[in-house]
Asker: 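Before we start, here is the structure in question, set down as structure tokens.
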Amino acid sequence: MSNTAQKRRNGRIIRHRRVRKKIHGTAARPRLAVFRSNKHLTLQVIDDVAGRTIVAASTTEAGVKSEGSGATVDAATRLGQLVAERAKAAGITQVVFDRGGFAYHGRIAAVATAARAAGLEF
């Protein structure tokens, strides 16, 4: 990894730690965690008290992967809707959004907007 890439990664990790000091998921209101890579996007609804993932969705899943690239805003929108549907099926209506140290822009914002439109409350 180049020096510039290492600095960016370390900066994101520092921002994520700062965000996680303030955000904590419970059974009543779990945390919607987002991880973005260059090619894919992963979403998890996590109960931090019990330490378990309740719902997850990723662009690496067979059903989502067949619809196109996982590195686009359209893929993030589809994934946001999918995780909201799965969360509602599991009885979850409210979540806390954890952007994972990434800027609230592009794919991250698309996930949040789609999840809100599908019925999740932030």
Side-chain angles (χ1 to χ4, degrees):
M1 189 180 294
S2 69
N3 193 29
T4 304
Q6 188 67 37
K7 285 182 182 178
R8 282 186 181 199
R9 183 174 188 281
N10 288 339
R12 185 194 71 81
I13 290 169
I14 290 169
R15 283 189 302 278
H16 191 206
R17 284 186 190 140
R18 187 170 58 232
V19 168
R20 287 283 289 124
K21 283 181 193 175
K22 302 169 192 169
I23 294 176
H24 188 75
T26 62
R29 191 167 179 163
R31 175 170 57 99
L32 175 60
V34 179
F35 178 74
R36 174 182 62 92
S37 72
N38 287 338
K39 292 185 179 181
H40 295 287
L41 197 64
T42 303
L43 306 178
Q44 294 180 321
V45 176
I46 303 168
D47 177 3
D48 288 319
V49 175
R52 68 182 193 99
T53 299
I54 302 166
V55 175
S58 176
T59 55
T60 60
E61 293 177 13
V64 180
K65 197 173 190 176
S66 63
E67 296 177 7
S69 173
T72 62
V73 172
D74 292 334
T77 302
R78 287 192 308 269
L79 202 63
Q81 292 170 346
L82 179 63
V83 79
E85 291 169 5
R86 289 180 181 176
K88 288 179 80 176
I92 298 165
T93 57
Q94 292 184 330
V95 295
V96 179
F97 190 68
D98 177 8
R99 61 188 176 88
F102 299 104
Y104 189 84
H105 185 307
R107 289 189 277 164
I108 305 298
V111 165
T113 304
R116 279 190 195 106
L120 279 184
E121 295 178 32
F122 288 21

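Values below: every heavy atom of this structure, side chains too, minus hydrogens, waters and symmetry copies. Nothing fancy with the numbering, it's 1 onward along the sequence.
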Asker: Please check if any side-chain donor atom of Thr4 sits under 3.5 Å from a side-chain acceptor atom of Ser2, or the reverse.
Answerer: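 There is no such pair between these side chains.
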Asker: For Gly119, does its backbone N or O pair with a side-chain atom of Arg116 as donor and acceptor, under 3.5 Å?
Answerer: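 It does not hold such a pair.
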Asker: Looking at Ala84 and Ala118, what are the two nearest heavy atoms and their distance?
Answerer: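 Scanning both residues completely, I find the closest heavy atoms to be CB-CB, 3.4 Å.
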Asker: Check for me, please, whether Val19 and Val111 land in the same ILVMFWY cluster - side-chain distances under 4.5 Å, paths through other members count.
Answerer: no
Asker: If you measure from CZ on Arg12 to CZ on Arg9, what distance do you get to the nearest 0.5 Å?
Answerer: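 Spacing of CZ (Arg12) from CZ (Arg9) equals 6.5 Å.
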Asker: Testing the basics here: between Val73 and Gly106, what is the closest heavy-atom pair and its distance to 0.1 Å?
Answerer: CG2-C, 4.2 Å
Asker: Phe122: what forms a ring pair (Phe, Tyr, Trp, His ring centres under 6.0 Å) with it, not counting sequence neighbours?
Answerer: Phe97
Asker: Checking side chain to side chain donor-acceptor pair (under 3.5 Å) against Asp98, which of Arg31, Lys22, His24 comes through?
Answerer: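 Looking at Arg31, Lys22, His24, the match for Asp98 under the side chain to side chain donor-acceptor pair (under 3.5 Å) is Arg31.
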Asker: Give, for atom CZ of Arg18 and atom CD1 of Ile13, the distance between the pair rounded to the nearest 0.5 Å.
Answerer: 13.0 Å
Asker: Does Leu82 reach the side chain of Glu61, with side-chain heavy atoms less than 4.5 Å apart?
Answerer: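 A side-chain contact exists here, since the closest heavy-atom pair is under 4.5 Å.
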Asker: Using the rule that Ile, Leu, Val, Met, Phe, Trp and Tyr join whenever any side-chain heavy atoms are under 4.5 Å apart, tell me whether Ile108 and Leu32 fall into a single cluster.
Answerer: yes
Asker: For a quick test of reading the model, state the closest non-hydrogen atom pair linking Ile54 to Ala90 and the distance between them.
Answerer: CG2-CB, 4.3 Å
Asker: How long is the straight-line distance from NE2 of His40 back to CZ of Arg107, given to the nearest 0.5 Å?
Answerer: 10.0 Å
Asker: Sub-3.5 Å donor-acceptor pair from the side chain of Thr59 to the main-chain atoms of Leu41, do we have one?
Answerer: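 Indeed, once roles are kept as given, a pair shorter than 3.5 Å links the two residues.
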Asker: Quick one: does Val55's side chain get under 4.5 Å of Val83's, heavy atoms only?
Answerer: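 Contact flag for Val55/Val83 side chains = yes.
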Asker: Output yes when a side-chain donor or acceptor of Thr113 lies under 3.5 Å from a complementary backbone atom of Ala110, and no otherwise.
Answerer: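 No.
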Asker: Output all residues satisfying side-chain hydrogen bond (donor to acceptor under 3.5 Å, both in side chains) with Ser69, sequence neighbours left out; order by chain, then residue number.
Answerer: none
Asker: Quick one: pull up CZ in Arg29 and CD1 in Ile23 and give me the separation to the nearest 0.5 Å.
Answerer: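 Arg29 CZ to Ile23 CD1: 10.0 Å, rounded to 0.5 Å.
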Asker: Are Val45 and Val64 grouped together when hydrophobic residues (ILVMFWY) are joined by side-chain heavy atoms under 4.5 angstrom apart?
Answerer: yes
Asker: Verify the cluster assignment for Tyr104 and Leu79: are they in a single hydrophobic cluster under the rule of side-chain heavy atoms below 4.5 Å apart?
Answerer: yes
Asker: If you compare all heavy atoms of Ala27 against all heavy atoms of Asp47, which two are closest, and at what distance to 0.1 Å?
Answerer: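 Where Ala27 meets Asp47 most closely, the heavy atoms are N-OD1, 3.4 Å.
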Asker: Start with the C-alpha gap between Leu43 and Arg86, add the side-chain angles, then the distance that decides, and say whether side chain to side chain contact (heavy atoms under 4.5 Å, CB included) holds.
Answerer: CA-CA 11 Å; Leu43 306 178; Arg86 289 180 181 176; over 6 Å; no
